[in-house]
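First up is the structure itself, then whatever we jot down about it.
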Amino acid sequence: MTQDEMKLAVAQAAVEYIRPRLGRETIVGVGTGSTANFFIDELAKVKHMFDGAVASSQATADRLKGHGITVFDLNAINELEVYVDGADEFDARLNVVKGGGGALTREKIVAAVAKEFVCIVDSTKQVDVLGDFPLPVEVIPMARSYVARELVKLDGMPVYRQGFVTDNGNEILDVHDLSIVDPKGLEGILNNIVGVVTNGLFAQRGADVILMGTPDGVQNIK
Ligand code: 5RP
């Protein structure tokens with residue numbers, strides 16, 4: 001089974017997972033990335049069953065609209081039933097690293113609002129200890145060098161994501177060489193550095209369930 005076939009399988013499983021909660025008033029939060037794109041394409045097949053979606057990036061909003069799915073501003077929404085998104089890494093405690101696509105801040109906001117965060121991944125994303133994937137940190141542009149120096153003090157090796165601007169007009173530092181043994185603690189420490197908008201650790205609000213595509217089928221990890 002290819003990685004794309006596993007992504008398609010988890011996308012289909014995610015639609016089945018959320019199907020019981022779809023209804024006339026239901027808004028679905030939708031993540032960003034190639035796995036989320038598979039999910040959007042599958043979600044479009046049941047678009048008559050729910051009201052619309054909140055997007056975690058402009059790219060996702062464009063894809064949803066392309067399928068004729070109404071995209072709502074998060075500020076216009078009182079309740080978000082569920083948020084479905086991919087990840088770059090996850091561990092056994094459902095701590096997640098996200099932001100490889102640079103959409104981490106909006107992703108974290110939508111995840112915070114949602115009643116349930118359903119994370120859809122293929123088995124290549126599973127790790128014992130987070131940190132193999134460089135941790136994305138979104139920074140206010142004028143603070144980039146200062147934040148980078150602070151990250152070095154934390155034993156990280158920040159690399160400026162050249163030529164990339166987030167949907168919020170900010171920049172990304174990808175932090176290499178971290179062995180993240182305390183994801184919740186590190187998430188808070190990083191967010192306390194002045195100039196950091198947010199970081200890609202989803203631990204204080206981790207995933208509620210992970211649907212993992214494997215060559216033998218989709219596993220449901222809670
Ligand atoms: C984007 C993300 C993505 O969810 C993450 O990068 C995984 O992407 P993919 O499904 O393409 O592997 O956090 O900011």
Side-chain angles (χ1 to χ4, degrees), residues 1-15 28-43 53-64 74 82-91 94-114 116-127 130-139 159 161 163-176 178 180 183 187 190-191 196-214 218 221:
M1 209 179 199
T2 66
Q3 197 177 7
D4 272 357
E5 285 168 340
M6 288 192 279
K7 289 180 183 185
L8 174 61
V10 285
Q12 290 167 337
V15 170
V28 179
V30 183
T32 299
S34 58
T35 316
N37 282 345
F38 279 107
F39 172 69
I40 293 167
D41 297 347
E42 293 304 308
L43 189 65
V54 167
S56 63
S57 65
Q58 194 52 54
T60 287
D62 292 343
R63 197 173 185 101
L64 287 163
L74 185 62
V82 65
Y83 177 57
V84 181
D85 195 1
D88 298 302
E89 273 189 344
F90 74 96
D91 69 14
L94 309 198
N95 300 304
V96 171
V97 167
K98 294 185 44 53
L104 60 158
T105 299
R106 294 188 185 197
E107 292 173 338
K108 200 175 270 197
I109 293 167
V110 183
V113 176
E116 186 177 21
F117 172 16
V118 180
C119 189
I120 52 174
V121 291
D122 60 78
S123 51
T124 64
K125 308 291 182 69
Q126 190 169 31
V127 295
L130 300 174
D132 284 350
F133 189 91
L135 180 66
V137 177
E138 179 165 350
V139 296
V159 175
R161 202 181 289 186
F164 184 85
V165 178
T166 71
D167 283 350
N168 313 306
N170 297 317
E171 294 173 348
I172 300 273
L173 293 170
D174 292 302
V175 191
H176 296 245
L178 291 173
I180 305 173
E187 183 177 355
L190 295 178
N191 281 344
V196 168
V197 180
T198 197
N199 69 85
L201 272 169
F202 287 54
Q204 295 182 2
R205 200 281 190 254
D208 296 301
V209 58
I210 291 185
L211 304 180
M212 179 175 75
T214 78
V218 175
I221 305 169

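Treat the numbers as computed from the prediction; the structure is a model and nothing was measured. First listed ligand is number 1; within each ligand, the first listed atom is number 1. Throughout, numbering of the chain's residues begins at 1 and tracks the sequence.
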*Once you round to the nearest 0.5 Å, how far does OG1 of Thr124 lie from CD of Gln3?*
4.0 Å
*Drop me the distance from Asp167's CG to Gln58's CD, to the nearest 0.5 angstrom.*
6.0 Å
*Would you please name every residue forming a salt bridge (charged side-chain N to carboxylate O under 4.0 Å, His left out) with Asp208, sequence neighbours left out?*
Arg205
*asked:* Give me each pair satisfying salt bridge (charged side-chain N to carboxylate O under 4.0 Å, His left out) with a member in residues 100-109, each pair once, sequence neighbours excluded.
replied: Lys98-Glu107, Lys108-Glu187
_Asp4 versus Thr2, side-chain donor and acceptor atoms under 3.5 Å_ = no
_Counterpart residues, side-chain contact (heavy atoms from CB on, under 4.5 Å), relative to Ala11 (two or more places apart)_ = Phe38, Phe39, Glu42
*For ligand 1, would you mind listing the residues that have at least one heavy atom less than 4.0 Å away, ordered by chain and number?*
Lys7, Thr32, Gly33, Ser34, Thr35, Asp85, Gly86, Ala87, Asp88, Lys98, Gly99, Gly100, Gly101, Gly102, Ala103, Glu107, Lys125
